[in-house]
Amino acid sequence: MADVHLPGTLTPLFAGLPRRVDVEADTVGAAIAELEQRWPGLRDRLCDPGPHLRSHIHVYVDRERAGLDTELGPASRVDVVAAISGG
Amino acid sequence: MPKTLLLVGTRKGAFVLESDADRKKWNLRGPYCEGWPVYHAVHDPVTGNIYAAAASEWHGSAIWRSKDLGETWTLSSEGIGYDDSSERKVSKVSSLAARNGRVLVGVEAPGIFESRDEGETFSLLSTLAGQPGSEAWDDPANQPPGHLGISALMLDKDDDSRFWAIVQGVGAFETTDGGTSWTPRNRGLRADWPRPHEEVGFCVHRLVRADDTRMYQQNHVGMHRSDDLGHTWTEITEGLPTEFGFAAAAHPHDRDTFYVVPLDPGHGRTMPEGKATVWQTRDAGSTWRPLRKGLPQEDAYLGVLRSAMTIDTYDTPGVYFGTSTGQVFASNDEGESWSEVASYLPAISSVEVAIVD
């Protein structure tokens with residue numbers, strides 16, 4: 001079960017979405033797909049068509065920069081970060 | 001007594017300024033839309049919904065909707081996007097038009113998405129494919145950000161199948177069949193640069209409708225008037241301090257009265273000499289007069305963007321504009337006198353007015 005940490009800019013957009021979510025998934029992409037099932041529309045907030053992560057959304061799996069294909073271990077920590085922009 | 005609402009789109013969310021029919025005292029609400037950059041916010045007079053086109057650098061583009069005049073909001077981007085295989089991409093949603101539950105969304109790269117369910121879901125209506133100039137906006141090298149979006153949409157007041165779209169740096173186009181086919185409407189406009197096509201290559205900033213046949217526009221080079229619903233244009237710049245500007249408004253009850261905010265061209269794009277001034281014609285552009293009462297006349301280097309000026313429909317219309325430095329100015333007497341009704345907002349992209357019971 002991956003321990004997914006979401007940015008504070010995301011949670012106000014979806015009713016009941018917490019900052020930390022436990023997700024059963026093999027990859028980052030599958031974790032986002034699982035979140036999309038539970039909070040429809042969430043995938044669009046993190047991914048561009050392609051699909052690939054939006055340019056200012058950074059994901060880290062166990063502190064390493066990750067992409068949608070990055071595999072998750074049984075107890076991975078996934079940090080989703082809204083990065084760089086916003087000034 | 002009706003309420004008068006100003007919907008203000010800013011770099012950091014949407015705001016609502018609220019007054020009554022007298023339009024003397026204004027109360028500010030917001031920020032809304034979680035502080036996302038809002039490029040345009042509009043009111044649908046039939047459903048009562050407010051829609052805001054917003055594009056977050058983190059979370060992409062979406063249309064926010066409020067069913068309670070701005071108190072609560074939801075967002076959707078379902079269906080707003082080109083095919084995954086397309087080289088086109090939606091970098092931002094930039095313009096809105098809404099009526100009868102239908103919402104039209106202009107995006108960058110140029111395309112128009114439509115919702116028929118009050119902004120729940122969207123589908124691609126048109127990319128104006130095949131129009132002269134489309135090879136430029138379809139060129140992968142010209143994909144956004146920074147290139148060629150639908151900067152404005154203007155509905156017909158009666159006919160839902162007719163509307164106009166401005167493609168930034170290309171020109172205005174009209175459809176009379178709901179977006180299936182298009183016709184460029186730029187004849188007679190001036191352009192001070194080479195153009196590859198006879199019908200396009202014009203920089204239309206703002207298009208406004210005066211009545212059944214008359215339109216005005218603020219162009220990159222000059223103000224223009226059309227007396228045949230945009231089929232042909234005549235320049236009416238003479239008498240204004242500059243030919244450049246973005247914002248414009250047409251009087252709702254007098255087809256000869258039109259307002260613009262001339263700006264210095266080039267990089268500055270602020271009001272000339274630091275004197276905040278709205279210019280008005282009452283004779284369809286033959287002569288112009290400055291409207292300055294109540295506007296700052298010293299060190300006021302204000303900019304006003306293309307969607308940031310509007311006019312209401314009261315018998316004595318109110319005129320409103322918002323600045324790139326966060327002020328909103330309002331007049332309740334057709335522009336004769338002005339007051340600053342908000343002073344410290346984020347940079348303002350758009351101002352629209354709604355009268356609600």
Side-chain angles (χ1 to χ4, degrees), chain A residues 4-21 23 27-61 65-70 78-87, chain B residues 10-14 30-38 52 54-66 72-93 105 107-109 111 113 115 117 119-122 124 140 143-146 346-347:
Chain A
V4 179
H5 293 239
L6 297 169
T9 54
L10 193 64
T11 50
L13 309 181
F14 301 95
L17 177 66
R19 289 292 299 274
R20 289 182 63 177
V21 190
V23 176
T27 65
V28 169
I32 291 174
E34 172 62 22
L35 293 173
E36 169 71 20
Q37 289 292 315
R38 293 160 68 177
W39 289 279
L42 186 147
R43 180 181 171 281
D44 258 4
R45 305 280 69 85
L46 300 180
C47 298
D48 272 329
H52 49 77
L53 290 168
R54 292 189 177 280
S55 58
H56 291 177
I57 294 295
H58 293 185
V59 174
Y60 298 83
V61 173
R65 185 76 180 269
L68 292 175
D69 296 335
T70 301
V78 180
D79 287 286
V80 181
V81 178
I84 300 171
S85 58
Chain B
T10 83
R11 180 89 177 81
K12 299 291 180 183
Y32 299 122
C33 308
E34 294 297 325
W36 284 32
V38 171
S56 158
E57 291 181 350
W58 292 316
H59 298 305
S61 293
I63 304 303
W64 291 75
R65 181 189 65 191
S66 174
T72 60
W73 295 78
T74 58
L75 83 170
S76 173
S77 58
E78 187 175 342
I80 297 178
Y82 297 116
D83 289 343
D84 285 1
S85 58
S86 173
E87 294 195 75
R88 284 167 155 266
K89 60 179 182 177
V90 174
S91 72
K92 74 175 188 187
V93 288
V105 183
V107 310
E108 175 184 299
F113 291 81
S115 172
D117 56 7
E120 295 278 347
T121 61
F122 298 84
L124 180 61
Q143 293 308 295

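Throughout, a chain's letter reflects where its sequence line sits, starting with A, and its residues are numbered from 1. Owing to the predicted nature of the structure, the values given are computational and were not obtained by experimental measurement.
Most heavy-atom pairs under 4.5 Å with chain A, from the set B:Pro37, B:Ser61, B:Gly81: that is B:Ser61.
Neither the backbone nor the side chain of B:Ser56 comes within contact range of chain A; no heavy atoms are under 4.5 Å apart. Residue B:Trp73 does not touch chain A at all, counting heavy-atom pairs closer than 4.5 Å.
A distance of 12.0 Å separates OG1 of A:Thr9 from CD of B:Glu57, quoted to the nearest 0.5 Å.
The two atoms that bring A:Leu13 and B:Leu75 nearest to each other are O-CD2, 3.8 Å, heavy atoms only. For the residue pair A:Pro7 and B:His59, the shortest heavy atom distance occurs at CG-CE1, 4.4 Å.
Judged purely by atom type and a 3.5 angstrom limit, B:Trp58 has no side-chain atom pairing as donor or acceptor with the backbone of A:Ile57.
Checked by atom type, the side-chain pair A:Arg45/B:Ser77 shows a donor-acceptor distance below 3.5 Å.
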